[in-house]
Undergrad: 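For reference, the structure I am asking about is given below.
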Amino acid sequence: MSKSAELVSLIQSRAGAEPVRLGLVLGSGLGHLAEAVEGVAIPYEDLPGFPHAGVSGHNPKLVIGSLEGQRVAVFGGRAHYYEKGDPAVMRLPLEVLKGLGAEGVILTNAAGSLRPDMPTGSIMCLSDHINFSGLNPLIGEPTDACFVPMTDAHDPEWRAALVASAAGEGVSMAQGIYAWYSGPSFETPAEIRALKILGADAVGMSTVPEVILARFLKMRVSAISTITNMAAGMSAEKISHEHTKAMAPLGAAKLEKVLRRFLRDMG
Ligand code: HPA
């Protein structure tokens with residue numbers, strides 16, 4: 001049995017075998033949403049091979065249960081490339097999600113804004129992304145399945161539904177391009193100026209490898225950033241992980257409204 005199949009049966013033995021509809025991956029400072037789910041919580045440490053998701057501000061447990069009438073799998077924390085140098089660090093959790101029956105996954109993250117009209121506390125639905133790191137979680141994948149098309153990687157139907165959910169909730173949500181920077185150091189002001197020229201609207205240290213993996217696994221994927229700061233050189237604000245965690249709740253309340261409405265309206 002594959003590692004992911006073993007984990008799927010372990011999870012189903014604790015949480016029941018009913019398929020989940022979709023997964024939610026919670027970013028820095030957003031881990032509290034895992035508490036909103038009525039269901040079974042399994043700490044990552046009980047799931048052999050799951051990443052430790054050791055970055056503070058995360059809530060490293062998998063919660064399987066009901067949110068707004070949908071059966072969901074909520075990943076209270078993610079692991080990042082910069083923790084151990086593995087761009088495929090989220091592959092096993094996403095394979096498990098697929099094995100649990102999910103049609104797709106919504107990824108959330110904290111990000112810096114490159115757009116003055118998208119200040120701290122805003123949320124942005126990713127319309128596309130730029131892989132500024134040059135890394136790829138599928139390097140070494142031995143079959144032709146590695147050649148994953150990335151046109152419309154950010155599912156157009158789900159994006160439209162998320163935009164409608166935001167409008168329905170009276171939440172202002174931008175759409176834009178997210179650039180993946182490897183981290184863990186933040187960007188220099190010169191890198192941010194370069195990213196602006198390249199067309200990025202926000203920058204962060206996650207999500208893009210997970211989008212690639214989700215598409216590889218033939219799952220739908222959408223992602224939403226909460227803006228925790230203006231990117232380097234764009235304001236007098238000091239950039240730090242502490243600041244990210246402190247500012248994430250500003251956007252998190254909006255994000256939660258949009259996600260809840262999206263789930264309710266999924267039918
Ligand atoms: N850069 C990269 N990652 C981030 C930022 C940023 O400015 N803010 C939150 N995560």
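Both ligands and their constituent atoms are indexed starting at 1 by order of listing. Being a predicted model, the structure only gives us computed values, none of them experimental.
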Undergrad: Using a 4.0 Å heavy-atom threshold (strictly under), name the region of N229 that reaches ligand 1: side chain, backbone, both or neither.
TA: side chain

Undergrad: Less than 4.0 angstrom from a charged side-chain N to a carboxylate O is my criterion; do K84 and D86 meet it?
TA: no

Undergrad: Where on Y181 is there a heavy atom closer than 4.0 Å to ligand 1, on the side chain, on the backbone, on both, or on neither?
TA: neither

Undergrad: Taking atom types as modelled, is there a side-chain donor on N109 or S225 under 3.5 Å from an acceptor on the other?
TA: yes

Undergrad: When you measure from atom 3 (N) of ligand 1 to every protein heavy atom, which one gives the shortest distance, and what is it?
TA: G204 CA, 3.4 Å

Undergrad: Look at atom 5 (C) of ligand 1 and say which protein heavy atom is nearest, naming residue and atom and giving the distance to 0.1 Å.
TA: G112 N, 3.4 Å

Undergrad: Name the closest protein heavy atom to atom 1 (N) of ligand 1, giving the residue it belongs to and the distance to 0.1 Å.
TA: E187 OE1, 2.8 Å

Undergrad: For atom 10 (N) of ligand 1, what is the nearest protein heavy atom, given as residue, atom name and distance?
TA: A110 O, 3.3 Å

Undergrad: May I ask you to decide if the ring planes of Y181 and F132 are parallel, tilted or perpendicular, using 30° and 60° as cut-offs?
TA: parallel

Undergrad: Where on T228 is there a heavy atom closer than 4.0 Å to ligand 1, on the side chain, on the backbone, on both, or on neither?
TA: side chain

Undergrad: Got a sec, which residues hit salt bridge (charged side-chain N to carboxylate O under 4.0 Å, His left out) with D144, two or more places apart in sequence or on another chain?
TA: none

Undergrad: Tell me whether L213 shares a hydrophobic cluster with L47, the cluster being built from Ile, Leu, Val, Met, Phe, Trp, Tyr side chains joined at under 4.5 Å.
TA: yes

Undergrad: Just heavy atoms, cut-off under 4.0 Å: does A232 contact ligand 1 by side chain, backbone, both, or neither?
TA: neither

Undergrad: Does anything in residues 90-99 pair up under side-chain hydrogen bond (donor to acceptor under 3.5 Å, both in side chains), and if so which pairs, sequence neighbours excluded?
TA: R91-E95, R91-E141

